[in-house]
There are 2 protein chains.
Amino acid sequence: MTNETTRDGVKDGATQSAVETAYHRIRHLILTGEMRSGDKLLENQLAAAIGVSRTPIREALNRLNAEGLVVLERYRRGIVADFSLDDAIEIFRLRAILEGHATSRAASRISEADLQRLQELERVMETQFEELGWNEHLEGFDKLNAEFHAVIAAAAESPRLEKILASSLELPASIFNRYSEPVEVRTRRTHAQHREILAALRARNPEWAQAAMNAHLFSLLPTASGSLEHEDGAK
Amino acid sequence: MTNETTRDGVKDGATQSAVETAYHRIRHLILTGEMRSGDKLLENQLAAAIGVSRTPIREALNRLNAEGLVVLERYRRGIVADFSLDDAIEIFRLRAILEGHATSRAASRISEADLQRLQELERVMETQFEELGWNEHLEGFDKLNAEFHAVIAAAAESPRLEKILASSLELPASIFNRYSEPVEVRTRRTHAQHREILAALRARNPEWAQAAMNAHLFSLLPTASGSLEHEDGAK
DNA sequence: GAGGAAATATTTGTATACCTTTCTAGCGGA
DNA sequence: TCCGCTAGAAAGGTATACAAATATTTCCTC
């Protein structure tokens, strides 16, 4: 039940390739906010930092470029992509459409094991929230929440849909936190919504499941004019 | 509008990079059916054929792998992806969802120039069909039809949506023709549907436009059991 | 002739060298 | 001071060399 990434599970020795290493390292830098929008991505510098040559670095940057996380132009140095409010809105709208569809399909396909996994994930998220409070639970929450959504996407049994959700519609957590409602407002509602999605999946009710997922995502969707007064004046 | 295909144009304009050349050449080989599912993609062989080194070939193959057109496994030679009937159904379903959404957005955003471009494209398609007949018009049709859909996708003004439609949900024409209804059945209906989509866009009616696009795409969607009896016996 | 292990040939993965283009610091003139 | 220009430096693009792994052939045993 606690298997994280060992799909085949035979041997985890598997010596990750240099481009896999580079890809995950750079992606992590961006998604966690260690590198911010506009930061320069110099191939030599990254190669030295990660300990491989420029070749795998270039391959990793190209993948991240295709996913929209970095911007590459010929002969120009790559930079971390900038996400405007409009970008965030667009991503959430597309996520809602595609993840709603995925949830609908998942409702009639998901296995009992996956349902239990979802319940366990949500239980841990809520426990950590109660124990650690609003801010300290965030790091663990992001990871667990990502798996919660990934399990549902996988249960839809549509490999291209799963891939699009995992690769093309990612948003750095820092950007998300910048544009969305503050964590105090959305945390309790998120947990209630997760429980409702789980209930709809258990009931194997595609329409309900889709609607619940849509409600969840649209509730997080930032709006251009209305809901940003809470932004702190500093910065 | 965009003057693509500037092969060695008279203008000094932007000599295409080696990876762009390789990417388009290989992609064309696959989409037109010159290379079929399962065919081996040897880097050295492609490099020699296209006249560049392995480096840009590898970059092109990686892009095509991300788009789902080729399958790469570490240390194994790449092969042209295989598209099953289920794959074709999945792609058309996702296209319908996303392109329907794009058409809805386009209805309230599309420019007069783009509307005229769509009308012109449809006019040429119908003219060529009348003049060349069912089979001979196909090559030209595929290109014009692709632009018809691309203009609408661009008019939606959602760059990620446009990119997903252009890159992640492509299907080789040969595969499409294998699984879909024969050209004699679908050609006239396709033109009627294009006219309806155009009318809905002109009327700036998002719901109508989305529904018309969905009808168009779902009418092309192959079904697992019902609609393939027309397949000629020679299998 | 079949099966399988070792030897050989191919093929991909990575590092490095070299070329082309962009970036930047410094200079000179208005 | 502010442009504009121009080398020199820096960075990305491509070709090539070499290492690691796979694919194929050879050859032995039965």
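Predicted model, so just to flag it, every value in this text is computed and none were measured. Quick note: numbers below take in every heavy atom, side chains included, and nothing from hydrogens, waters or symmetry partners. Convention: sequence-line order gives letters A, B, ...; per-chain numbering from 1.
Using a 4.0 Å heavy-atom distance criterion, Arg76(B) is classed as a sugar-phosphate-only contact.
Here the P atom of nucleotide dT22(C) and the CD1 atom of Ile79(A) are 16 Å apart, to the nearest Å. In this structure, the CD atom of Glu73(B) is 13 Å from the P atom of dT12(C), given to the nearest Å. Taking atom CZ on Arg74(A) and atom P on dT21(C), their separation rounds to 8 Å, with Å as the unit. Counting to the nearest Å, the P atom of dT12(C) and the CD1 atom of Ile57(B) are 11 Å from each other. Taking atom CZ of Arg58(B) as the reference point, atom P of dT14(C) lies 7 Å away to the nearest angstrom.
Salt-bridge formation is detected for the pair Arg160(A)/Glu90(B): a Lys NZ or Arg NE/NH1/NH2 atom is positioned less than 4.0 Å from an Asp or Glu carboxylate oxygen.
Comparing Val19(A) and Arg54(A) along DNA chain C, the residue whose closest nucleotide (by nearest heavy atom) sits nearer the 5' end is Val19(A). Along DNA chain C, the nucleotide nearest to Ala18(A) and the one nearest to Tyr75(A) differ in position, and the one closer to the 5' end is contacted by Ala18(A).
Under the side-chain contact (heavy atoms from CB on, under 4.5 Å) criterion, Glu112(A) pairs with Leu115(A), Gln116(A), Arg202(A), sequence neighbours left out. Take Arg77(B) and apply the side-chain hydrogen bond (donor to acceptor under 3.5 Å, both in side chains) test, not counting sequence neighbours, and it matches no residue.
Just one of Asp87(B), Ile91(B), Leu85(B) meets the side-chain contact (heavy atoms from CB on, under 4.5 Å) condition when paired with Ile89(B); it is Leu85(B). When the options Phe176(A), Phe218(A), Phe83(A) are evaluated for a ring-ring contact (aromatic ring centres under 6.0 Å, His included) with Phe92(A), the one that passes is Phe176(A).
Heavy-atom neighbours of His28(A) NE2 from other residues, nucleotides or ligands within 6.0 Å: at or below the threshold of 12. With a 6.0 Å radius and a threshold of 12 heavy atoms from other residues, nucleotides or ligands, Glu34(A) has its CD atom above the threshold.
In this structure, Arg77(A) reaches the dT24(C) phosphate: one of its side-chain N or O atoms is under 4.0 Å from OP1 or OP2.
A heavy-atom distance below 4.0 Å to DNA chain D is reached by these residues of residues 40-50 of chain A, ordered by number: Leu41(A), Leu42(A), Glu43(A).
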Please table the atom pairs, donor to acceptor, closer than 3.5 Å between any side-chain atom in residues 35-42 of chain B and protein atoms at least two apart or in another chain.
unit_1, atom_1, unit_2, atom_2, d
Ser37(B), OG, Ala81(B), O, 3.1
Asp39(B), OD2, Arg36(B), N, 2.8

Run the side-chain donor-acceptor check on residues 64-73 of chain A: report pairs under 3.5 Å with partners two or more places apart or on a different chain.
unit_1, atom_1, unit_2, atom_2, d
Asn65(A), OD1, Leu72(A), N, 3.4
Glu67(A), OE1, Tyr23(A), OH, 3.1
Glu67(A), OE2, Tyr23(A), OH, 2.7

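In the 5' to 3' direction, nucleotides of DNA chain D lying under 4.0 Å from heavy atoms of chain A begin and end at dA11(D) to dT14(D).
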